[in-house]
Amino acid sequence: MADKKKLLLLDGSSLAFRSFYGLLDLNRFKNQNGLHTNALYAFNRILTRLFEVEQPTHMLVAFDAGKTTFRTEYFKEYKGGRQTMPSELAEQWPYFSVLIEAMGSKTYELPNYEADDIIGTYARMAEEQGFDVVIITGDKDLTQLATDQTRVDITVKGVSELKSYTPESIREEMGIEPLQIIDMKGLMGDSSDNYPGVTKVGEKTALKLLKEYGSIENLYEHVDEMKKSKMKENLINDKELAFMSKKLATIDLATPVSYSLDELIVTDENKEELVSFYREMNFNTFLRDLDHTEEDVSDSFEKITYTHLDEITEAHFTNDMALYVEMLEDNYHYGTIVSVAWGDANTIYTASPETVKASIPFKEWAANEEMKKAVYDAKRTQVILHYAGITLNGIHFDTLLASYIINTKDTGRDIAAVAQEYGYTEVSYDETVYGKGAKQAVPEDADIVNEHLARKIKAIQTLRPQLEAEFEKDNLTELYYEIELPLALILAEMEMTGITVEPARLEKMKVEFAARLTEMEKGIYTEAGEEFNVNSPKQLSIILFEKMGLPVIKKTKTGYSTAVDVLEKLSATAPIAQMILDYRQLAKLQSTYVEGLLKYIKPETGKIHTIYTQTLTQTGRLSSNEPNLQNIPVRMEEGRKIRQAFVPSHPDWQIFASDYSQIELRVLAHISEDAHMKEAFIEEQDIHTSTAMRVFGIEDEAEVTGNVRRQAKAVNFGIVYGISDYGLSQNLGISRPEAKTFIDTYFEKYPGIKQFMTDIVEEAKEKGFVETLFHRRRYLPDINSSNFNLRSFAERTAINSPIQGTAADILKIAMIRMNKALKEKNMKTRMLLQVHDELIFECPPEEIEVLEKLVPEIMENAVSLSVPLLVDSHYGNSWYEAK
DNA sequence: GTTGTCACG
DNA sequence: ACGTACGTGACAACA
C-alpha cells in the first residue's frame with residue numbers, strides 16, 4: 001500500500017515574523033551586500049526540519065496578501081494599530097518565496113484573504129480526499145481547524161519549538177471543541193488582531209460560559225435567564241460586538257484558491273537554485289550541509305598546511321602562538337589527550353601527547369610567562385596540561401571566554417560553532433570528526449585529527465582580532481582582561497587543588513540512610529495498600545489521586561503534580577503525604593549527595609575536583625558541575641551534615657568560609673539610589689526588619705514579629721526577582737490582592753526602587769540589552785515581543801540580571817584580589833570553592849588570625865558602592881563547622 | 001532525550 | 001486578561 005498522502009500547510013507570514021524576532025541578531029546576520037538575513041536563516045532551519053520530520057507529499061506556504069481583506073470591510077479597525085513591519089524584515093520579504101520554491105514547495109497569496117483562509121480552505125479540501133494535514137503557524141486562532149485528520153502546530157518560543165494541537169489536546173487543555181475556539185474568540189476578542197469581544201470577558205470567563213452554553217448563539221438565546229450580574233449586563237450591551245468578533249475569528253473555508261491539490265505535490269529541491277541562494281545570503285553552513293550529502297567533508301575546505309613533529313625543538317616556538325590541546329571527554333580531570341597543536345599565522349605544528357610530554361622545549365615554552373599564547377578555553381587547557389606534567393603560563397587570550405563575554409549565548413565547547421558565528425567556516429564540528437554518543441571515536445588516521453586541530457589553531461588566530469574589536473565597541477575590554485581572563489586561571493588552580501572529602505563519613509551515612517529508607521518505604525506501602533515505586537511521580541500520582549482519591553491541587557504538562565507544595569497541602573488530611581515528603585528528602589540526600597559525591601572522590605588523593613563553568617550563565621555567575629559543589633545542603637540540619645565530610649587536606653588545618661551579607665539588595669540599593677534602602681544599609685539596620693517597619697507602618701522595632709519580618713523578607717526577594725503579586729502570594733501563601741497591597745505599599749515607601757525598575761525595562765526595550773556595573777551584557781530579544789509571557793519574562797530578567805550579575809562581578813573581583821594577596825603574603829591558605837556569595841578556604845591554624853581580617857577586608861572593598869558591603873566569616877574542622 | 005522533582009544562592 | 005517569581009545541576013523514571 002502506498003504511503004498516505006500528507007499535506008503540510010505553513011503560515012508563511014506568521015513564521016517569517018517569528019523567524020525574524022526569534023533570531024534578532026541584526027549585526028551578525030548580514031550578507032556581503034549588507035542585506036539582513038536573520039529571518040531567512042531561521043526560516044531555512046524550520047523548513048529543513050519540517051521536511052525531515054513531517055516528510056509531506058504535498059505542501060503550501062501561504063502568505064497574507066495585504067492590509068485590506070474581507071474582514072476589514074466589515075470592521076475597519078481589524079488588525080489596526082499594528083506596528084509596521086521593521087525595514088530589516090521588509091528587505092528580506094521577497095526572498096522567502098525564492099527559498100521556499102527552491103526547496104520544492106509552492107507559495108501562495110490571494111488578495112482580500114489572509115493566510116489563515118487559504119490554509120483553512122486547503123485543509124478542508126485535503127481532508128475530503130483522505131489526506132493527513134499538518135498546519136504550522138504562530139497564530140493560535142488556527143487551532144479551530146484541528147480535526148482527527150488535521151493537526152495544528154503552534155510555535156511556542158521563537159520557531160524552534162512547536163506545540164501540537166489535536167481535538168483531544170484542545171478538549172483536555174480548555175475543555176471545548178476546536179470549533180468553539182471561534183466562539184471563545186468572539187467573547188474575549190483579540191488584542192493583537194484588534195477586535196474587542198465582550199467587555200471584561202477574558203479566556204477564563206469565555207471558557208466557563210462556553211462550557212455552559214456551547215456557542216455564542218445559544219448563549220444569547222438564554223441570556224435573559226442569567227442571574228443579574230455585571231457580566232450579564234456586559235454580555236447584553238456588547239451583543240453586537242460578540243457576533244462581529246466571532247465572524248472575524250472565523251476562518252473562511254471556501255476561499256477561491258487557484259491551485260488544485262495535485263499542484264501542491266512536493267518536488268525535489270532545486271539544488272542549483274539553493275546553492276546560488278545560499279551563496280547570495282552567505283549561508284555557509286547550509287551550503288556545506290548540501291555538500292555533505294555527496295562529498296567528503298574536507299573537500300569543501302581550503303587546503304591547510306601543517307607539520308606533524310616527532311621531535312620538538314626550540315625553533316618550533318615563537319611568541320604569540322595559538323595552542324590547542326584535544327581531549328574528547330567533557331570532564332578533563334579524567335580524560336586522555338588525543339593530540340596537541342600550536343602555531344602562528346605562518347606555521348602550524350601538531351604532535352602526539354607522548355611527544356609533547358617528553359619534550360623539554362615544549363615544557364619550557366609552555367611555562368614561559370613571556371611567551372604569549374592564545375587558546376580556546378584557557379581553564380580547560382591549563383588543567384589538562386597540568387595533569388600531563390606541563391605548567392602553562394602566559395595565556396593572553398581565550399577565544400571561548402571572549403565570545404561568551406560578547407554574547408552570553410555563546411557557551412559552547414565546540415570551537416566550530418563560535419568560529420562560524422564570526423564568519424570563519426574552515427573548521428569542522430567535533431561531532432563531524434569524532435562522531436557522538438556511543439559511536440564517538442578518534443579516527444584511525446591520525447592525519448584527520450591533526451588537520452582538524454590545525455584548523456582550530458587557524459580559527460583561534462582568525463577570530464582574535466574580531467573579538468577584540470567587539471570588546472572595544474561594547475566597552476568590554478576591562479571586564480575581559482581585568483576580571484574574566486585572570487579569573488579563569490584562578491578557577492583552574494581551585495579545580496586542580498580540589499577539596500578533601502572523607503569517604504568513611506559518607507559510607508556511614510549511606511548505611512544508615514539505606515536502612516531508614518527501607519523502613520519508610522514499608523510505611524508508605526502500608527498506607528497505600530500496595531507496593532509501588534515511590535520515586536516515580538507517575539506511579540505515585542496514580543496511588544494518591546486515583547486510588548486514594550485525594551484532591552488534585554496542581555497539574556503538570558503530563559499529569560498530576562506531586563511537588564512539595566502540593567504534598568504539604570495534602571498532609572493536613574492524608575498522613576501518606578508527609579511520609580512521602582520525608583522519604584523524598586532522604587532519598588535525595590542518599591542518591592545525589594551520599595552516593596553521588598562518593599563517586600567523585602579520587603582514590604589516590606581523597607579529593608573531589610569540580611569543574612566551574614565560566615561561560616554558561618546568562619547573568620555572569622559561575623556554575624559548578626561533576627559534581628555540583630554549589631548546592632550542597634545547608635537549610636535542613638539532616639542534609640547539612642553532609643558538610644561534615646568536607647574537611648581540610650592536612651591534619652589540624654581548618655576550613656574558613658566568608659560570605660557577603662545581602663549582597664544583591666546592597667547592589668540594588670546602589671544602582672537604584674533609593675534613599676530609604678541606602679539609609680538602612682548605611683545605618684547598619686537589619687534590612688528585612690527595616691522593610692517590615694516601612695511597609696507595615698510599624699514604629700517600634702521591637703514590635704516587628706518573626707512572621708512580619710519573614711513576609712518583608714519575601715517581599716525583598718521578590719523585588720530582586722522582578723516581583724509579581726501572584727508570585728509573592730504563592731510564596732507567602734496569602735491572597736493575591738493582599739500581595740498586591742504589599743507591593744504597592746513597598747513602591748510607595750521605596751520610590752527609587754520603582755523608578756529603577758521602570759527605567760531599566762525602558763532601557764532594555766530601547767537597546768535590546770541590559771548591563772552590570774562592569775558592563776557585562778545580557779541581550780533580551782523577547783523584550784519587545786507581542787507574546788505577553790515572553791515579554792513579561794524578559795522584563796523580569798531586565799530587572800534581575802544587572803543585580804545578580806553585578807553581585808557576581810563583585811565576587812569575581814574579590815577572588816582575584818584574594819588570590820593575589822595570598823601569593824604576595826606567601827600564605828599556605830588555599831581558596832577551594834566559590835558559592836555565588838561566599839568563598840571557602842582551607843588554612844593552617846596559624847593563618848586564621850590573618851584571614852579573619854584579610855578576607856573581609858578584601859571582599860568588602862572589592863568595589864566601592866554608595867552603601868557598605870558586609871562580610872561574615874566562620875571557621876572549623878569541617879565545612880559543617882565553618883558556620 | 002525529556003520530564004518532574006529538589007538541592008543551592 | 002494574559003500566567004509568573006531570578007540563576008543553576010543532578011537524579012530517577014520513562015519514552
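Heavy atoms only: backbone and side chains are in, while hydrogens, waters and symmetry mates are out. Below, chains carry the letters A, B, ... as their sequence lines are ordered, and counting in each starts from 1.
Scored by the ring-ring contact (aromatic ring centres under 6.0 Å, His included) test, Tyr721(A) finds no partners at all (sequence neighbours excluded). Contacts of Phe742(A) classified as ring-ring contact (aromatic ring centres under 6.0 Å, His included), with partners at least two apart in sequence or in another chain: Phe696(A). Contacts of Glu638(A) classified as salt bridge (Lys or Arg N to Asp or Glu O under 4.0 Å), with partners at least two apart in sequence or in another chain: Arg516(A). Under the ring-ring contact (aromatic ring centres under 6.0 Å, His included) criterion, Phe756(A) pairs with no residue at all, not counting sequence neighbours. Considering only residues two or more places apart in sequence or on other chains, Asp153(A) meets the salt bridge (Lys or Arg N to Asp or Glu O under 4.0 Å) condition with Arg151(A). Residues meeting the ring-ring contact (aromatic ring centres under 6.0 Å, His included) test with Tyr593(A), sequence neighbours left out: none.
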In dot-bracket form, how is DNA chain C paired, counting a Watson-Crick or G-U wobble pair only if both its distances are under 3.5 Å and using | for bases paired to another strand? .....|||||||||.
So which protein N/O to nucleotides 13-15 of chain C N/O distances come out below 3.5 Å?
| unit_1 | atom_1 | unit_2 | atom_2 | d |
| --- | --- | --- | --- | --- |
| dA13(C) | OP1 | Asn533(A) | OD1 | 3.3 |
| dA13(C) | OP1 | Asn533(A) | ND2 | 2.5 |
| dA13(C) | O3' | Ser536(A) | OG | 3.2 |
| dC14(C) | OP1 | Ser536(A) | OG | 2.6 |
| dA15(C) | OP1 | Lys538(A) | NZ | 2.9 |

Distances under 3.5 Å between nitrogen or oxygen atoms of protein and nucleotides 8-11 of chain C:
| unit_1 | atom_1 | unit_2 | atom_2 | d |
| --- | --- | --- | --- | --- |
| dT8(C) | OP1 | Gln618(A) | N | 2.9 |
| dG9(C) | OP1 | Ser623(A) | OG | 2.6 |
| dG9(C) | O4' | Asn628(A) | ND2 | 2.8 |
| dA10(C) | OP1 | Glu626(A) | N | 2.7 |

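Heavy atoms of Arg635(A) sit under 4.0 angstrom from at least one base atom. Among the atoms of the strands shown, only primed sugar atoms or phosphate atoms (P, OP1, OP2) are found under 4.0 Å from some heavy atom of Glu203(A). Using a 4.0 Å heavy-atom distance criterion, Val835(A) is classed as a sugar-phosphate-only contact. Contacts of Thr562(A) with the nucleic acid, taken as non-hydrogen atoms under 4.0 Å apart, involve only primed sugar atoms and P, OP1 or OP2. Across all strands shown, Glu838(A) has no heavy atoms under 4.0 Å from either base or sugar-phosphate atoms.
Both tests hold for Lys883(A) against Tyr880(A): distance to the six-membered ring centre under 6.0 Å, angle to the ring axis within 45°. Geometrically, Arg777(A) engages Phe769(A) in a cation-pi contact defined by less than 6.0 Å to the ring centre and at most 45° from the axis.
The nearest whole Å value for the distance from the CG atom in Leu207(A) to the P atom in dG3(C) is 11 Å. One atom, CE of Met757(A), and another, C1' of dA5(C), lie 11 Å apart when rounded to the nearest Å.
Pairs engaging residues 611-633 of chain A under the salt bridge (Lys or Arg N to Asp or Glu O under 4.0 Å) rule: Arg621(A)-Glu664(A) [sequence neighbours left out].
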Donor-acceptor contacts under 3.5 Å from residues 583-591 of chain A side chains, at least two apart:
| unit_1 | atom_1 | unit_2 | atom_2 | d |
| --- | --- | --- | --- | --- |
| Tyr583(A) | OH | Glu521(A) | OE2 | 3.2 |
| Arg584(A) | NH1 | Thr562(A) | O | 2.9 |
| Arg584(A) | NH2 | Thr562(A) | O | 3.4 |
| Arg584(A) | NH2 | Thr562(A) | OG1 | 2.8 |
| Gln590(A) | NE2 | Lys510(A) | O | 3.1 |
| Ser591(A) | OG | Ala587(A) | O | 3.1 |

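Reading DNA chain B from its 5' end, the first and the last nucleotide to sit under 4.0 Å from a heavy atom of chain A are dT3(B) to dG9(B).
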